[in-house]
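Following: one structure in C-alpha cells, then a few remarks.
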Amino acid sequence: MVRRRFPVGVQDFEKIIKDGFVYVDKTEYIYDLANNYGNAIFLSRPRRFGKSLLCSTLRHYFQGHKDLFKGLAIEKLEKNWTEYPVFHFDMSRCKNDDPKYVSISLNSILKDFEDKYGLSGENASFGLRLEKLILTAHERTGNRAVLIFDEYDSPVLNVINDPEKMDAIRSIYNSFYGPVKSMGDHLRFVLLTGITKFSQMSIFSTINNLANISMLKKWEGLCGITAEELQRDFKDDIARLAENYNLAPDEMLQRLRDRYDGYHFGPGMVDVYNPFSIVNTFANEVLDDYWFASATPSALIKILDKYSFKLTDIENTQMSSRIFDQPFDNMGSAIAILYQSGYLTIKDYDFDYDLYTLGIPNREVYSGLYSTLMPLYLDKSDVKNDSFINVMMKAIIGDDIDAALTAVQSYLSSLPYDLSNKTERDFETILKVLFDCVGIKTDTEVRNARGRCDVVMKNRNTIYVLELKISTTATVDDALAQIDEKNYLIPYWDDPRRKVKVGVTVDPETRTIKEWKKVHSL
C-alpha cells in the first residue's frame with residue numbers, strides 16, 4: 001500500500017491539490033452552494049473543522065482557477081469558469097482581546113486590497129472602505145464581487161467576559177459588515193464562517209440578509225469527513241493503521257468511530273468525523289487526542305466561568321432551536337456555545353416539539369473536556385493532576401476499583417482546605433470529574449422508581465453502583481443496604497457486564513474518602 005500525504009496544518013486548496021495531499025472531494029457541495037442556494041450564506045462549525053479550506057476552495061472557484069479542479073466532481077458541473085473579483089478576509093488575523101488591535105489588524109487587511117486597486121482609505125470608516133472596494137471591483141472587472149469572511153468571530157470569544165470590550169468590537173463589526181446588506185446589487189456571493197451566530201452578538205440587524213445553513217440537513221456534510229467518506233476514501237489508510245495496532249480493519253474502524261465520530265450538525269443526523277484528528281491520525285499512524293490538544297481552550301474556560309457551568313448540564317440536555325439564537329447578553333446557559341464550539345453535539349431531534357438532545361460527541365472530547373474541567377473543581381496543579389490521571393488510568397485498565405478509590409482518597413487528601421467540597425452533591429460531582437477525565441462513563445443522581453443512586457460508573461466490563469455517606473456515624477454497610485433497599489441495580493440486570501455495589505463513607509472534617517466496601521452482585 002502506497003503511503004499518502006495528509007495535509008496536516010494545510011488549509012489552502014491550491015497547495016493541497018498541487019502538492020498532492022489527500023483531498024476529500026467537497027466540490028459538488030461547492031457548486032451547489034455557489035449557484036443553487038443563495039448569494040449570502042452563514043455557516044457555523046467548530047474550530048479546525050474545515051471552514052478555512054472551504055473558504056479557500058470557494059475563492060479559487062470564483063477566481064476561475066479551472067485547472068485546480070481537474071478530476072473533481074465540479075469539473076462536470078461547471079460549464080462557464082467566470083473570474084470574479086474576490087475579497088477573502090481571514091479574520092483570525094484580528095484575533096486579540098484588545099479592540100484597538102482588532103482595528104489595526106482590520107485596517108491592514110483592507111489596505112492590502114486597497115493597494116491592489118490603487119485606493120486610499122484614509123479617514124474613512126471600515127464600512128465605507130469595504131463599500132468602495134466592492135464598487136471599484138465591479139466597475140473595473142464588469143463582474144460582481146465575492147466576499148468571504150473566514151472565522152469572522154475570532155476576536156469575540158476572547159472578550160466574552162468583558163462587556164466593555166465586547167461593545168467596542170460590536171461597534172467595529174457594525175461598521176465593517178454593513179456593506180454585506182447594503183451592496184447586494186454589486187455582490188455575486190457572500191460567505192461568513194465562524195463558531196457563533198451573528199444574532200448572538202446583537203448585530204444581526206446589520207446583515208439580516210444572511211441565510212444560515214449551519215443546521216440544515218443538506219449541508220451537514222459540507223465540512224468535516226462523513227462516515228461514508230471515511231470508509232470510501234480512506235480504506236487503505238484504515239488497513240495500514242489497523243496493521244500497526246495488530247487489529248482487523250473493522251476493529252480499527254470502530255476505534256476511529258469511538259474516538260473521532262459522533263458529530264451531528266442538524267436534524268438529519270449525518271455522522272461526521274473530526275477532520276483535524278483524522279488527518280493527524282493517518283499522518284502519524286497513531287491514535288491520539290489531536291483536536292482537543294491543538295489549542296489551550298482558554299475561551300472554553302471563560303465561557304464556563306461566565307455562565308456558571310455545571311457538570312449536570314452537560315449530558316442529555318434538551319433545548320429548542322431558538323436557544324441557538326440567543327444573544328450572549330441574554331444567554332442563561334453555556335450549552336449553545338459548547339455545541340457550536342464542538343464540545344457538545346446533537347444526539348437526537350424531536351420533530352414534533354422542535355427539541356434537540358445534546359451530548360458529548362466522542363471519546364476524544366469526553367476525556368479532554370473533563371481533563372479541562374478538572375482544575376475548575378479541584379486543584380489547579382497540572383503536575384498533580386497528570387500524576388493522578390496516570391495512576392487512575394492504570395487502575396481503570398485493570399478494572400481495579402480498589403486501586404482507583406485509593407488514588408481518589410489520596411488525591412482528595414492533598415487538596416487545599418479552603419475548597420468548598422462539603423456536601424454529598426459536591427463529592428458526587430468530584431467523583432464524576434475524576435472518573436470522567438480518564439474515560440469512565442459516570443452519572444450522578446441516577447433516578448429510579450425507589451430513589452436516586454449517587455454515582456453509577458460504567459466501563460467495558462463492569463457497572464459500579466456507588467452510594468456515598470458523608471457522616472461521622474454512617475458505615476459502608478449502611479450505604480450498601482441502601483443500594484439493596486432502593487433497588488439501584490435493577491435497571492442494569494439485562495446488561496451483560498458484571499455489577500458491583502460499592503458503599504463509600506466520606507469524613508466531613510477531612511473531606512476525603514474514609515473507607516469503602518465492594519460487593520459483587522450475582
Side-chain angles (χ1 to χ4, degrees), residues 1-11 16 21-26 29 45-51 53-54 220-266 268-295 315 339 341-348 358-371 393 396-397 436-441 458-461:
M1 294 183 287
V2 178
R3 195 176 189 280
R4 303 195 293 171
R5 299 186 70 194
F6 292 91
V8 175
V10 182
Q11 300 174 341
I16 287 174
F21 288 106
V22 172
Y23 175 69
V24 176
D25 190 353
K26 301 284 187 177
Y29 283 110
R45 285 294 182 269
R47 64 182 175 86
R48 299 187 182 276
F49 244 85
K51 298 188 298 296
L53 178 56
L54 169 66
E220 289 182 37
L222 178 59
C223 289
I225 299 172
T226 67
E228 179 182 355
E229 289 166 342
L230 183 76
Q231 295 184 60
R232 181 194 70 203
D233 297 347
F234 296 88
K235 185 176 180 180
D236 289 345
D237 307 296
I238 295 171
R240 179 183 291 104
L241 189 63
E243 185 176 333
N244 287 353
Y245 280 85
N246 295 317
L247 297 172
D250 286 349
E251 293 176 301
M252 178 51 66
L253 179 60
Q254 184 60 51
R255 293 203 181 189
L256 292 170
R257 185 180 296 123
D258 291 342
R259 195 158 197 152
Y260 307 127
D261 189 15
Y263 290 96
H264 306 111
F265 295 111
M269 302 296 288
V270 174
D271 280 324
V272 180
Y273 285 74
N274 187 313
F276 184 80
S277 293
I278 287 293
V279 165
N280 276 274
T281 295
F282 288 137
N284 299 328
E285 298 186 347
V286 174
L287 294 164
D288 206 346
D289 295 339
Y290 296 102
W291 179 77
F292 208 97
S294 64
E315 287 279 27
Y339 161 73
S341 302
Y343 302 109
L344 297 179
T345 195
I346 299 169
K347 293 292 189 178
D348 194 19
L358 303 182
I360 299 174
N362 53 47
R363 178 182 166 188
E364 177 182 22
V365 179
Y366 194 88
S367 59
L369 183 57
Y370 278 97
S371 294
M393 284 296 293
I396 296 306
I397 291 173
D436 276 336
C437 75
V438 294
I440 297 297
K441 182 69 174 68
K458 301 175 183 177
N459 66 15
R460 182 172 297 180
N461 302 311

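Each residue takes its place number in the sequence, starting with 1. None of these values were measured; they are calculated from a predicted model.
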Report task. I would like to know whether Val22 and Phe234 meet side chain to side chain contact (heavy atoms under 4.5 Å, CB included); could you show each step before the answer? Result -> CA-CA 10 Å; Val22 172; Phe234 296 88; 4.0 Å; yes
Query - Spacing of Glu364 atom CD and Asp289 atom CG [to the nearest 0.5 Å] - result: 5.0 Å
**Report entry** Nearest atoms (heavy-atom pairs only) where Gly342 meets Pro361
**Finding:** O-CG, 3.9 Å
Report task. Starting from the C-alpha separation in whole Å, work towards a yes-or-no answer on salt bridge (charged side-chain N to carboxylate O under 4.0 Å, His left out) for Asp258 and Arg255. Result -> CA-CA 5 Å; Asp258 291 342; Arg255 293 203 181 189; over 6 Å; no
**Report entry** Among Asp261, Asn362, Leu287, the one residue meeting side chain to side chain contact (heavy atoms under 4.5 Å, CB included) with Leu256
**Finding:** Leu287
Query - Nearest heavy atoms of Thr226 and Val270, plus distance in Å - result: CG2-CG1, 4.2 Å
Query raised in the report: Regarding Arg45 and the six-membered ring of Tyr263, is the cationic atom NZ or CZ under 6.0 Å from the ring centre and inside 45° of its axis?
Result: no
Query raised in the report: Just by distance, do the side chain of Arg240 and the backbone of Phe282 share a donor-acceptor pair under 3.5 Å?
Result: no
Query raised in the report: Atom CG of Asp233 and atom CD1 of Ile238: how far apart are they, to the nearest 0.5 Å?
Result: 10.0 Å
Query raised in the report: Are Phe292 and Tyr343 near enough that their ring centres are under 6.0 Å apart?
Result: yes
Query raised in the report: Side-chain contact, heavy-atom cut-off 4.5 Å: Phe21 with Val8?
Result: no
Query raised in the report: Which heavy-atom pair separates Met252 from Leu247 by the least distance, and what is that distance?
Result: CE-CD1, 3.7 Å
Requested in this report: Please report the C-alpha distance between Leu253 and Gln231 in whole Å, then the side-chain angles of each, then the deciding distance to 0.1 Å, and finally whether the side chain to side chain contact (heavy atoms under 4.5 Å, CB included) criterion is met.
Outcome: CA-CA 8 Å; Leu253 179 60; Gln231 295 184 60; 3.8 Å; yes
**Report entry** Positive for side chain to side chain contact (heavy atoms under 4.5 Å, CB included) with Tyr273, one of Glu229, Arg257, Arg259
**Finding:** Arg257
Query raised in the report: Is there a side-chain contact between Asp237 and Thr281, using heavy atoms and a 4.5 Å cut-off?
Result: no
Report summary line: In short, Val286 meets Leu241 closest at the heavy-atom pair N-CD1, 4.0 Å
Report task. I would like to know whether Ile360 and Leu344 meet side chain to side chain contact (heavy atoms under 4.5 Å, CB included); could you show each step before the answer? Result -> CA-CA 5 Å; Ile360 299 174; Leu344 297 179; 4.0 Å; yes
Query - Donor-acceptor contact below 3.5 Å, side chain Glu251 vs main chain Ala242 - result: no
Query raised in the report: Around Gln254, counting heavy atoms of other residues, nucleotides and ligands shown, do more than 12 lie under 6.0 Å from its CD?
Result: yes
Query raised in the report: When you measure from the side chain of Trp291 to the backbone N and O of Arg47, does any donor-acceptor pair fall under 3.5 Å?
Result: yes
Report task. Measure the spacing between OH of Tyr290 and CG of Asn284 and express it to the nearest 0.5 Å. Result -> 4.0 Å
Requested in this report: Output the distance between atom CD (Glu220) and atom CG (Asp271), rounded to the nearest 0.5 Å.
Outcome: 10.0 Å
Query raised in the report: Atom CZ of Phe49 and atom OG of Ser277: how far apart are they, to the nearest 0.5 Å?
Result: 8.0 Å
Query - Flag, side chain of Lys347 to backbone of Gly262, donor-acceptor distance under 3.5 Å - result: no
Query raised in the report: How far does OG1 of Thr345 sit from CZ of Phe265, to the nearest 0.5 angstrom?
Result: 5.5 Å
